[in-house]
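Let me begin by presenting the structure, written as structure tokens, before commenting on it.
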Amino acid sequence: MKWPGLIAQYREYLPVTDETPALTLNEGNTPLVHLSNLSKQLGIELHAKIEGANPTGSFKDRGMVMAVAKALEEGSKSIICASTGNTSAAAAAYAAKAGIRAIIVIPKGKVALGKLAQAMMYGAEIVEIEGNFDDALNMVRTISETSPVTLVNSVNPYRLEGQKTAAFEVCDQLGGAPDILAIPVGNAGNISAYWKGFKEYNEIKQTGLPKMFGFEAEGAAAIVQGKPIAEPETVATAIRIGNPASWSLAEAARDESGGTIKSVSDPEILEAFKLLAKTEGVFAEPASCASIAGVLQQVKSGAIPQGSKVVAVLTGNGLKDPQTAISELNIETTVLPNDEQTVLKYIEGVVSQ
Ligand code: F0G
């Protein structure tokens with residue numbers, strides 16, 4: 001059966017009306033991959049929700065299709081967002097499809113190359129500021145109050161409505177909720193959306209509830225530290241956020257589920273980034289790998305018991321940020337002359353090892 005996209009598929013669970021346009025780039029329905037090698041190593045049953053398989057390469061498409069469809073329904077001609085990159089790519093793509101304007105405000109020099117290329121290609125109006133994501137979000141919140149432009153950051157309630165559908169899919173793919181849902185935390189919208197989704201699906205289908213394990217980057221760990229971070233810093237630029245907008249919703253998800261929110265260091269993130277690609281053939285962007293880094297950390301500490309069924313959300317595609325992969329991991333390539341004998345000899349050496 002052809003997948004119809006999120007709004008058509010989950011209509012009965014979403015705040016849509018007959019007037020909501022049938023906008024879609026066929027987002028959703030992303031794979032849940034059993035990470036069999038890591039599962040064996042860790043003594044748990046570990047699965048990854050591959051959100052990088054969405055049309056613009058991140059989970060943001062789920063929320064954005066809803067936010068843009070509702071903006072259209074309300075007659076809006078322009079949308080605006082602050083972004084560390086993925087939200088802006090999704091906003092630009094859905095605005096392009098819908099035939100409206102997207103204005104994006106991003107921190108200069110701190111958006112991964114692939115994401116910037118996407119916003120450019122989808123034809124967004126791009127504003128770079130000499131500030132961070134939190135500054136940009138403050139600005140667009142103010143602008144949207146005074147100008148005829150719809151704010152599509154996750155403070156727009158339709159964003160979380162769309163994003164909650166990932167929890168439905170996890171339950172359907174796994175035959176129920178996992179014991180633990182591990183997820184990166186930046187602006188804290190996604191952890192809040194998943195928790196909402198798990199609760200709603202459980203009400204209707206008795207799919208059970210997971211413990212929510214959220215992971216912030218150490219240099220941007222406002223929730224863990226209990227205070228906003230003025231100058232957040234991390235290699236995982238997608239979650240380089242010092243004052244999460246959905247802070248209290250994330251804490252509620254943690255507390256209601258009996259879960260935890262912890263931080264992972266840049267070295268832990270990069271280690272998980274590499275390990276995931278090398279042992280499972282899954283290339284997810286650095287911020288996504290905060291979930292895997294967190295699982296490794298929490299298995300080690302004993303907070304994730306042996307035998308647990310764990311789903312790690314891989315929020316964005318690794319191809320979004322090739323620069324970090326190449327520059328941070330110091331992986332050497334072998335450069336040889338264009339000479340068949342030399343190349344053959346070298347490869348024979350590799351194969352015989
Ligand atoms: N992973 C990736 C790849 C992201 O792009 C983001 C957020 C997160 C995790 C964190 O999700 O904010 O809901 O807690 N990116 C936003 C953006 C901020 O602008 O693209 P969150």
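Both ligands and their constituent atoms are indexed starting at 1 by order of listing.
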Does the plane of the ring in Phe273 sit parallel, tilted or perpendicular to the ring in Phe283? Use 30° and 60° as the thresholds.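 The arrangement is tilted - the two ring planes meet at 30° to 60°.
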Can you confirm, on distance only, whether ligand 1 has an N/O atom lying under 3.5 Å from any N/O atom belonging to [X]?
X: Ala188; answer: yes
X: Gln163; answer: no
X: Gly189; answer: yes
X: Lys60; answer: yes

Among protein heavy atoms, which sits nearest to [atom], and what does the distance come to when rounded to 0.1 Å?
atom: atom 11 (O) of ligand 1; result: Phe59 CZ, 3.5 Å
atom: atom 5 (O) of ligand 1; result: Asn86 ND2, 2.8 Å
atom: atom 12 (O) of ligand 1; result: Asn187 N, 2.7 Å
atom: atom 4 (C) of ligand 1; result: Ala238 CB, 3.6 Å
atom: atom 9 (C) of ligand 1; result: Thr315 OG1, 3.5 Å
atom: atom 8 (C) of ligand 1; result: Ile239 CG2, 3.6 Å

Linked, directly or transitively: Val350 and Ile331 (ILVMFWY side chains, under 4.5 Å):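 Different clusters.
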Hydrophobic cluster membership, Val16 vs Ile79, 4.5 Å side-chain cutoff: yes
Only one of Trp195, Tyr194, Phe168, Tyr10 forms a ring pair (Phe, Tyr, Trp, His ring centres under 6.0 Å) with Tyr201, so which one is it?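 For Tyr201, the ring pair (Phe, Tyr, Trp, His ring centres under 6.0 Å) check succeeds only for Phe168.
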Proximal candidate to atom 13 (O) of ligand 1 [heavy atom criterion; set Ile104, Thr87, Asn190]: Asn190
Would you find more than 12 non-hydrogen atoms of other residues, nucleotides or ligands less than 6.0 Å from Glu74 atom CD?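 Atom CD in Glu74 is packed in, count exceeds 12.
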Determine, using heavy atoms of Ile191 and all atoms of ligand 1, whether some pair is separated by less than 4.0 Å.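 Ile191: no contact with ligand 1 (<4.0 Å).
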Do you see a donor-acceptor pair shorter than 3.5 Å between the side chains of Ser246 and Arg159? no
Closest non-hydrogen atoms of Pro107 and Ser83, given as atom of the first, atom of the second and distance, are CD-O, 3.1 Å
